[in-house]
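Here it is, the structure, as structure tokens.
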Amino acid sequence: MKITFLGTAAAEGVPAVFCNCPTCVRAKAVGGREVRTRSQILIDDDTLFDFPMDTYMHMLKFKLDLSKIKRVLITHAHMDHCYPQEFCMRGGPFAKNLTEDRVNIYCDPTVHDIFWNDVNRELRPEVGAGLITTVMHPFDCVVSDDMRIIALPAAHTKGEDCLVYYVERGGAGALFLNDTGPLEREVFEKLRKMRVDVRLVALDCTYGAIEHGVGRHMGLYDIVKQKQLMREVGVADESTLFYATHFSHNTDLDYAGISALASEHDITVAYDGCSVEI
């Protein structure tokens, strides 16, 4: 299973859309790995984890055929993770010669309602026929073709049952924990009982080198604690790869700086275009 980090930023991007802080000024000047678009992950060439407004940019930059996408896993209803309007372009006069006739969107109940409300005004019936939404709840498990998907409860927006996901194909599994605070031990214990094989974990690092603690996001040292907890529970072991992603501009560290700190804990800092096979 190939995992590609298409975007690795929080909602505002890096550089942030209206910002002139030192981090954003540096990112504009230096470019490269200092620039981060909104978070999105591609699994092989047929599955997307989240669907931000930067999806179109990712398609251009990485030369993607998004008509190959069979499924999209959406974590929650914030626009940097759920931009439904783009799906109005999936068919009709807007898109021809699609590889896949239909795409399945997995989501929580709030995303389901917002998705259809947002697309309803412009959605053509023939395009809508190719869109399927499947509502997921914590610890629901579905099998889509050869992929097993498990939804887990995220620690994020109050009033919404936000999700994160475990995805498994060919016996190799990855756990995607972006845009969430630290998860409780019982979440990992329940996941372990579902007979998973976690080869890679991608975790929220919105606060960079700052430890955020209990809340809606994480920093590097929250990731270190989550890594330790997963090993204690038996979800992860010494061979499990850990990646930090979903970065805000609110940190003074550049890519090299945060990478140096993360490497001390065997954590890899993801960047836009970073790819790994498990």
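Only this structure's heavy atoms are used, side chains among them; waters, hydrogens and symmetry mates stay out.
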Residues, nucleotides or ligands: over 12 heavy atoms within 6.0 Å of K61 NZ: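 Yes.
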
Heavy-atom closest contact (V276 atom, L241 atom, distance):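 Scanning both residues, the minimum pair turns out to be CG2-CD1, 4.0 Å.
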
Other residues, nucleotides, ligands: >12 heavy atoms within 6.0 Å of F94 CZ: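 Atom CZ in F94 is packed in, count exceeds 12.
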
NZ/K28: more than 12 non-hydrogen atoms of other groups inside 6.0 Å: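 For K28, atom NZ is crowded (more than 12 foreign heavy atoms under 6.0 Å).
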
Shared hydrophobic cluster for L98 and I105 (ILVMFWY, side-chain gaps under 4.5 Å):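 Shared cluster, no.
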
Side-chain heavy atoms of V30 within contact of Y255, under 4.5 Å: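 No; the side chains remain at least 4.5 Å from each other.
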
Derivation of the side chain to side chain contact (heavy atoms under 4.5 Å, CB included) call for L175 and V196: CA-CA 10 Å; L175 184 56; V196 297; over 6 Å; no

E184 atom CD, over 12 foreign heavy atoms within 6.0 Å: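 No, because the 6.0 Å sphere around CD of E184 holds 12 heavy atoms or fewer from other groups.
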
Test side chain to side chain contact (heavy atoms under 4.5 Å, CB included) applied to C21 and H249, step by step: CA-CA 8 Å; C21 75; H249 69 123; 3.4 Å; yes

Intermediate values then yes/no, side chain to side chain contact (heavy atoms under 4.5 Å, CB included), L6 and L64: CA-CA 10 Å; L6 303 177; L64 306 177; 3.9 Å; yes

Y221 OH to I223 CD1 distance, which is reported to the nearest 0.5 Å: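 Result: 11.0 Å between the selected atoms.
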
V167 and M147, any side-chain heavy atoms less than 4.5 Å apart: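 Yes - at least one pair of side-chain heavy atoms lies under 4.5 Å apart.
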
Joint hydrophobic cluster, I267 plus V198, side-chain heavy atoms closer than 4.5 Å: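 Yes, same cluster.
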
M79, CE atom: more than 12 neighbouring heavy atoms under 6.0 Å: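 No - once you tally the heavy atoms of other residues, nucleotides and ligands closer than 6.0 Å, there are 12 at most.
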
Joint hydrophobic cluster, F176 plus L163, side-chain heavy atoms closer than 4.5 Å: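 In one cluster: yes.
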
Atom pair CD1/CD1 of I43 and I278 - distance to nearest 0.5 Å: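 One finds 9.0 Å between CD1 of I43 and CD1 of I278.
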
Parallel, tilted or perpendicular, as decided by the 30° and 60° cut-offs, for the rings of Y243 and F5: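 Ring orientation, 0 to 90° scale: parallel.
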
T47 vs K70 side-chain heavy atoms within contact, under 4.5 Å: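 A side-chain contact under 4.5 Å is absent here.
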
M57 atom CE, neighbour heavy-atom count above 12 within 6.0 Å: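 No - once you tally the heavy atoms of other residues, nucleotides and ligands closer than 6.0 Å, there are 12 at most.
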
T245 and N178: side chain donor to acceptor below 3.5 Å: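 Checked: T245/N178 side chains show no N/O donor-acceptor pair below 3.5 Å.
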
Any donor-acceptor pair under 3.5 Å from T180 side chain to A155 backbone: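 Yes.
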
Shortest non-hydrogen separation from F51 to E86 and the atoms involved: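 In this case the closest contact between F51 and E86 is CE2-CB, 3.5 Å.
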
Distance in Å, D80 CG paired with T37 OG1, rounded so as to fall on 0.5 Å steps: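 One finds 11.0 Å between CG of D80 and OG1 of T37.
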
Whether over 12 other heavy atoms sit under 6.0 Å from F139 CZ: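 For F139, atom CZ is crowded (more than 12 foreign heavy atoms under 6.0 Å).
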
Which atom of P153 lies closest to which atom of L183, heavy atoms considered: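 Heavy atoms of P153 and L183 come nearest at O-CD2, 3.4 Å.
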
Distance, nearest 0.5 Å, that separates CD of E168 from CE of M1: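 Reported value, rounded in 0.5 Å steps: 7.5 Å.
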
Any side-chain heavy-atom pair of R71 and D46 under 4.5 Å: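 Yes. Closest side-chain heavy atoms under 4.5 Å.
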
Validation row: M218, H246 side chains within 4.5 angstrom (heavy atoms):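 Counting from C-beta outward, M218 and H246 never come under 4.5 Å.
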
Distance, nearest 0.5 Å, that separates OG1 of T75 from CG of D50: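 Nearest 0.5 Å value for the OG1-CG distance: 3.5 Å.
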
Shortest non-hydrogen contact from T4 toward S275: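 Answer, listing the atom of T4 first, then S275: OG1-OG, 3.3 Å.
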
Which residues share a salt bridge (Lys or Arg N to Asp or Glu O under 4.0 Å) with R26, sequence neighbours left out: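 R26: no salt bridge (Lys or Arg N to Asp or Glu O under 4.0 Å) contacts found.
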
Donor-acceptor contact below 3.5 Å, side chain D101 vs main chain G130: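 No; zero donor-acceptor contacts below 3.5 Å.
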
ILVMFWY network linking F62 to V72, side-chain heavy atoms under 4.5 angstrom: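 Yes, F62 connects to V72 through the hydrophobic network.
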
Presence of salt bridge, R38 and D54, under 4.0 angstrom: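 Between R38 and D54 there is a salt bridge, with a charged N closer than 4.0 Å to a carboxylate O.
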
Side-chain donor-acceptor contact under 3.5 Å, Q40 with H58: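 The criterion, which ignores hydrogens and geometry beyond distance, is satisfied for H58 and Q40.
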
Closest heavy-atom pair and its distance - G128, L123: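 Closest heavy-atom pair between G128 and L123: CA-CD2, 3.6 Å.
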
Shortest non-hydrogen contact from C205 toward A244: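 Minimum heavy-atom separation between C205 and A244: CB-CB, 3.9 Å.
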
Audit row: E12, C19, side chain to side chain contact (heavy atoms under 4.5 Å, CB included) steps and yes/no: CA-CA 9 Å; E12 69 279 10; C19 187; over 6 Å; no

Whether over 12 other heavy atoms sit under 6.0 Å from R102 CZ: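 No.
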
ILVMFWY network linking L48 to M53, side-chain heavy atoms under 4.5 angstrom: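 Each belongs to a different hydrophobic cluster.
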
Gap between atom CG of L177 and atom CZ of F242 - 0.5 Å precision: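 Result: 9.0 Å between the selected atoms.
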
pair M59-Y56: side-chain heavy atoms closer than 4.5 Å: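 The answer is yes, as the side chains (C-beta and beyond) meet within the 4.5 Å cut-off.
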
Verdict with supporting geometry, Y165 and Y106, ring pair (Phe, Tyr, Trp, His ring centres under 6.0 Å): CA-CA 10 Å; Y165 295 92; Y106 297 90; 7.7 Å; no

Side-chain heavy atoms of L203 within contact of M230, under 4.5 Å: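 Sidechains of M230 and L203: in contact.
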
